[in-house]
Colleague: 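Quick one: the structure is below, questions incoming.
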Amino acid sequence: MALRTWAEKFAGGTVARTMTELNARHPWSHNDHFHSWILANLPERRGSALDVGCGRGELVATLSPRFGTVTGNDVDPDMRQRAADRCAGLPNVTIDGGPWASATGPFDLVTMVAVLHHLDVAEALTTVRRLLAPGGRFLAVGLAPPASPTDHLWDLASAVTNPVIGYVKHPWPSTDGAQPPAFPVTDPTMPLDELRKVVGDVMPGASIRRRLGFRHTIAWTKPA
């Protein structure tokens, strides 16, 4: 995250403050933004879905009409309560706080949005592979610290386009100022090139793509 570190120091932090103020005027959720990508890549069979690290339940609620059953799992009690409140009228939704690796599968879809970097990656991917039904799909939206020149270029592109995307999504300026994260946050530590190797070892053939918004996506279908 060298670009952001540089911005914090350059010109006494003026660049960083200006970008923060600009982004705060037109805020948008980088994670929720990718829900449409998940919906566009759902598996053909849609009996059951598991959203690991479901947060406030936005994705769980979105998946509810598309699957027979949807389980949202989160270790944070406050997040679970918010998700349960959001999904209170959805009879096919369960919000759970137990170990997600012990969830009753198999599942046709397992999702993780900004969650994988909180976990032991190889262990988590192995668990996902076990929980998926044949033909089931793993869809993840993740974060990784920039390490290679390509990583830094994508970081720069994300920084430049961030306020533009915010303006399109939220054209009316917000007067609330910069807000703290709505959910627990941990900085990623595994660079994307290293992540590719781990994912490739556990989930051969998985598609990993860099995305704007300081994110990447992972898509893998378990062989039938």
Side-chain angles (χ1 to χ4, degrees), residues 28-43 46 48-64 66-67 69-88 90 92-133 136-145 179-190 192 195 198-199 202-203 206 208-209 211 213-220 222:
W28 59 288
S29 171
H30 296 69
N31 294 331
D32 292 353
H33 174 73
F34 286 94
H35 288 181
S36 59
W37 172 80
I38 290 174
L39 296 181
N41 289 278
L42 296 178
R46 302 177 187 177
S48 59
L50 170 66
D51 182 30
V52 180
C54 65
R56 297 172 297 185
E58 291 95 335
L59 181 57
V60 171
T62 300
L63 292 174
S64 173
R66 296 168 171 84
F67 284 81
T69 62
V70 181
T71 299
N73 181 280
D74 205 293
V75 298
D76 187 276
D78 181 58
M79 292 293 102
R80 290 200 304 273
Q81 186 59 57
R82 294 191 185 194
D85 292 343
R86 180 182 298 274
C87 301
L90 304 174
N92 66 330
V93 169
T94 300
I95 303 300
D96 181 50
W100 70 272
S102 300
T104 302
F107 295 96
D108 298 310
L109 174 71
V110 175
T111 57
M112 293 183 182
V113 179
V115 170
L116 189 57
H117 70 280
H118 289 264
L119 309 173
D120 180 291
V121 175
E123 181 179 322
L125 294 176
T126 300
T127 301
V128 170
R129 188 179 62 187
R130 175 177 58 80
L131 290 175
L132 280 173
R137 187 162 292 172
F138 174 55
L139 299 174
V141 178
L143 299 85
Q179 298 296 305
F183 39 80
V185 174
T186 298
D187 287 335
T189 58
M190 182 179 290
L192 191 60
L195 179 65
V198 177
V199 174
V202 181
M203 298 177 169
I208 305 178
R209 293 188 59 185
R211 306 285 182 174
F214 308 101
R215 299 293 187 271
H216 60 261
T217 58
I218 304 172
W220 182 70
K222 184 173 180 176

Colleague: Can you name the nearest heavy-atom pair linking L192 to A144, along with the distance?
Modeller: N-CB, 3.8 Å
Colleague: Write down the atom of A219, the atom of W37, and the distance for their closest heavy-atom approach.
Modeller: CB-CZ2, 4.1 Å
Colleague: Below 4.5 Å, heavy atoms only, C-beta onward: do F67 and L42 meet side chain to side chain?
Modeller: yes
Colleague: So do the side chains of R137 and V110 get within less than 4.5 Å of each other, counting heavy atoms only?
Modeller: no
Colleague: How far apart are the closest heavy atoms of A103 and L50, and which atoms are they?
Modeller: CB-CD2, 4.3 Å
Colleague: Would you call L109 and F138 a side-chain contact if the rule is heavy atoms closer than 4.5 Å?
Modeller: no
Colleague: Name all residues meeting the side-chain contact (heavy atoms from CB on, under 4.5 Å) criterion together with D74; count only those two or more places apart in sequence or in a different chain, and write none if there are none.
Modeller: C54, D76, M79, R80
Colleague: Hey, does the side chain of K222 reach the backbone of G136 with a donor-acceptor pair shorter than 3.5 angstrom?
Modeller: no
Colleague: Mind checking what makes side-chain contact (heavy atoms from CB on, under 4.5 Å) contact with A88, not counting sequence neighbours?
Modeller: none
Colleague: With sequence neighbours left out, write down each residue that passes side-chain hydrogen bond (donor to acceptor under 3.5 Å, both in side chains) with N92, or none if nothing qualifies.
Modeller: S64
Colleague: Step by step, work out the side chain to side chain contact (heavy atoms under 4.5 Å, CB included) result for L143 and F214.
Modeller: CA-CA 7 Å; L143 299 85; F214 308 101; 5.6 Å; no
Colleague: Partners of T111 by side-chain hydrogen bond (donor to acceptor under 3.5 Å, both in side chains), sequence neighbours excluded?
Modeller: D51
Colleague: Which residues pass the salt bridge (Lys or Arg N to Asp or Glu O under 4.0 Å) test with R86, not counting sequence neighbours?
Modeller: E58
Colleague: With side chain to side chain contact (heavy atoms under 4.5 Å, CB included) as the criterion, how do W100 and V75 come out once you've worked through the C-alpha distance, each side chain's angles and the decisive distance to 0.1 Å?
Modeller: CA-CA 9 Å; W100 70 272; V75 298; over 6 Å; no
Colleague: Are side-chain heavy atoms of I38 and F34 found at a separation under 4.5 Å?
Modeller: no
Colleague: With a 4.5 Å limit on heavy-atom distance, are the side chains of I218 and L195 in contact?
Modeller: yes
Colleague: Would you call H117 and T189 a side-chain contact if the rule is heavy atoms closer than 4.5 Å?
Modeller: no
Colleague: Would you please name every residue forming a side-chain hydrogen bond (donor to acceptor under 3.5 Å, both in side chains) with Q81, sequence neighbours left out?
Modeller: D85
Colleague: Any side-chain heavy atom of V128 sitting closer than 4.5 Å to one from M112?
Modeller: yes
Colleague: Going by side-chain contact (heavy atoms from CB on, under 4.5 Å), name the residues that satisfy it together with S48, two or more places apart in sequence or in a different chain.
Modeller: T69, F107, D108
Colleague: With rounding to the nearest 0.5 angstrom, report the NE2 to CG distance, H35 to L139.
Modeller: 11.5 Å
Colleague: Of all heavy-atom pairs between A124 and L116, which one has the smallest distance, and what is that distance?
Modeller: CB-CD1, 3.9 Å
Colleague: Working to the nearest 0.5 angstrom, can you tell me the gap between H216 NE2 and I208 CD1?
Modeller: 7.0 Å
Colleague: Counting C-beta onward and ignoring hydrogens, is there a side-chain heavy-atom pair between V93 and T71 closer than 4.5 Å?
Modeller: no
Colleague: Going by side-chain contact (heavy atoms from CB on, under 4.5 Å), name the residues that satisfy it together with V202, two or more places apart in sequence or in a different chain.
Modeller: L125, T126, R129
Colleague: Using every non-hydrogen atom in the two residues, find where V60 and G72 come nearest and quote the distance to one decimal.
Modeller: CG2-CA, 3.8 Å
Colleague: For T94, enumerate each residue passing the side-chain hydrogen bond (donor to acceptor under 3.5 Å, both in side chains) test, keeping only those at least two apart in sequence or located in another chain.
Modeller: none
Colleague: In terms of heavy-atom contacts, does CZ of R130 have more than 12 from other residues, nucleotides or ligands at under 6.0 Å?
Modeller: yes
Colleague: Identify the two heavy atoms, one from A114 and one from N31, that lie closest to each other, and give their separation to 0.1 Å.
Modeller: CB-OD1, 3.5 Å
Colleague: What pairs meet the salt bridge (Lys or Arg N to Asp or Glu O under 4.0 Å) rule with one or both residues in residues 110-125, with sequence neighbours excluded?
Modeller: none
Colleague: Would you please say whether a donor-acceptor pair under 3.5 Å links the side chains of R211 and T217?
Modeller: yes
